[in-house]
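Let me begin by presenting the structure, written as structure tokens, before commenting on it.
Each chain gets a letter, A, B and so on, in the order the sequences are listed, and its residues count up from 1. Excluded from the calculations below are hydrogen atoms, water molecules and symmetry mates; all remaining heavy atoms, backbone and side chain alike, are included.
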Amino acid sequence: GESVGLHLPTLSVQEGDNSIINCAYSNSASDYFIWYKQESGKGPQFIIDIRSNMDKRQGQRVTVLLNKTVKHLSLQIAATQPGDSAVYFCAENIRRAGKSTFGDGTTLTVKP
Amino acid sequence: GAVVSQHPSRVICKSGTSVKIECRSLDFQATTMFWYRQFPKQSLMLMATSNEGSKATYEQGVEKDKFLINHASLTLSTLTVTSAHPEDSSFYICSARDFSAGASYEQYFGPGTRLTVT
């Protein structure tokens with residue numbers, strides 16, 4: 001079946017550095033992509049989204065890049081802080097359907 | 001953003017009993033809600049799509065007679081795990097989306113319910 005996968009299961013960065021988390025998706029019909037942050041024992045928290053008609057979107061300290069040619073999504077976090085330590089999931093979605101398919105998750109650890 | 005709540009946050013039950021988990025949208029009407037299950041150190045797996053006033057749509061491999069879903073109002077969906085077994089122990093998370101005109105495509109997630117079956 002269709003799946004969304006992440007290239008690296010863990011990422012460790014120094015506080016203040018930039019972080020890049022990657023994701024591959026396989027459903028060419030997906031038209032909406034979301035990045036979530038999940039802290040231990042909590043539900044996913046929305047970070048940023050992007051529609052398939054865009055290739056870049058910026059938020060506060062975060063940027064999502066979408067490359068539809070190779071079905072690749074990335075999340076860039078600028079000036080990573082200890083509070084950014086969490087598991088990050090990408091999810092693909094077909095807007096009219098609403099349900100999301102989640103990737104495997106990358107654990108981000110920020111070292112002070 | 002919109003708020004989705006779940007109750008209870010944690011529940012421990014004995015094998016063979018049934019457990020009901022509630023998912024509520026607090027400040028918007030959710031014609032559709034989604035139920036996910038997450039095992040430790042794994043991703044969220046969609047179990048079913050809950051539709052207000054109609055039957056839920058289950059993902060492949062999810063037993064509909066074991067995981068009963070009821071979406072009786074525009075703000076409440078319930079998931080009942082029937083005849084629970086230890087392998088059903090997991091983190092259950094619901095989400096809701098506002099499908100009304102002009103609403104964003106964002107899905108709002110609840111805080112999750114930790115189920116432990118002994």
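- Hydrophobic cluster membership is shared by A:V62 and A:M54, with clusters built from Ile, Leu, Val, Met, Phe, Trp and Tyr side chains linked at under 4.5 angstrom.
- Using a 4.5 Å cut-off between heavy atoms, B:Q42 touches chain A through its backbone atoms (N, CA, C, O) alone.
- Taking a 6.0 Å sphere around CD of B:E87, one finds it holds more than 12 heavy atoms contributed by other residues, nucleotides or ligands.
- Residue-environment remark: NE2 (B:H85) exceeds the threshold of 12 foreign heavy atoms within 6.0 Å.
- Nearest heavy atoms, B:Q107 versus A:Y36: CB-OH, 3.9 Å.
- If you measure heavy-atom distances from B:Q38 to chain A, the contacts under 4.5 Å come from the side chain alone.
- B:S43 places a side-chain N or O within 3.5 Å of a backbone atom of A:G103 that can act as its donor or acceptor partner.
- With a 4.5 Å cut-off on non-hydrogen atoms, B:L44 touches chain A through its backbone and its side chain both.
- Two different hydrophobic clusters hold B:W35 and B:F91 under the rule that ILVMFWY side chains link at heavy-atom gaps under 4.5 Å.
- The neighbour count for A:K99 NZ, taken as heavy atoms of other residues, nucleotides or ligands under 6.0 Å away, does not exceed 12.
- Within the model, atoms CZ of B:R97 and CZ of A:R95 stand 9.0 Å from one another, a figure rounded to the nearest 0.5 Å.
- Taking OH of B:Y108 as the start and CD of A:Q45 as the end, the distance is 13.5 Å to the nearest 0.5 Å.
- The distance from the CD atom of A:Q38 to the CD1 atom of B:I93 is 5.0 Å, given to the nearest 0.5 Å.
- Neither the backbone nor the side chain of B:T32 has a heavy atom closer than 4.5 Å to any heavy atom of chain A.
- The CZ atom of B:F109 lies 5.5 Å from the OG atom of A:S100; values are rounded to the nearest 0.5 Å.
- Under the 4.5 Å side-chain heavy-atom criterion for Ile, Leu, Val, Met, Phe, Trp and Tyr, B:V81 and B:M45 are members of distinct hydrophobic clusters.
- Atom CZ of B:R10 has 12 or fewer neighbouring heavy atoms from other residues, nucleotides or ligands inside a 6.0 Å radius.
- How far CD of B:E106 is from CG of A:N93: 11.5 Å, rounded to the nearest 0.5 Å.
- Annotation: B:K66, atom NZ; neighbour count of heavy atoms from other residues, nucleotides and ligands within 6.0 Å is above 12.
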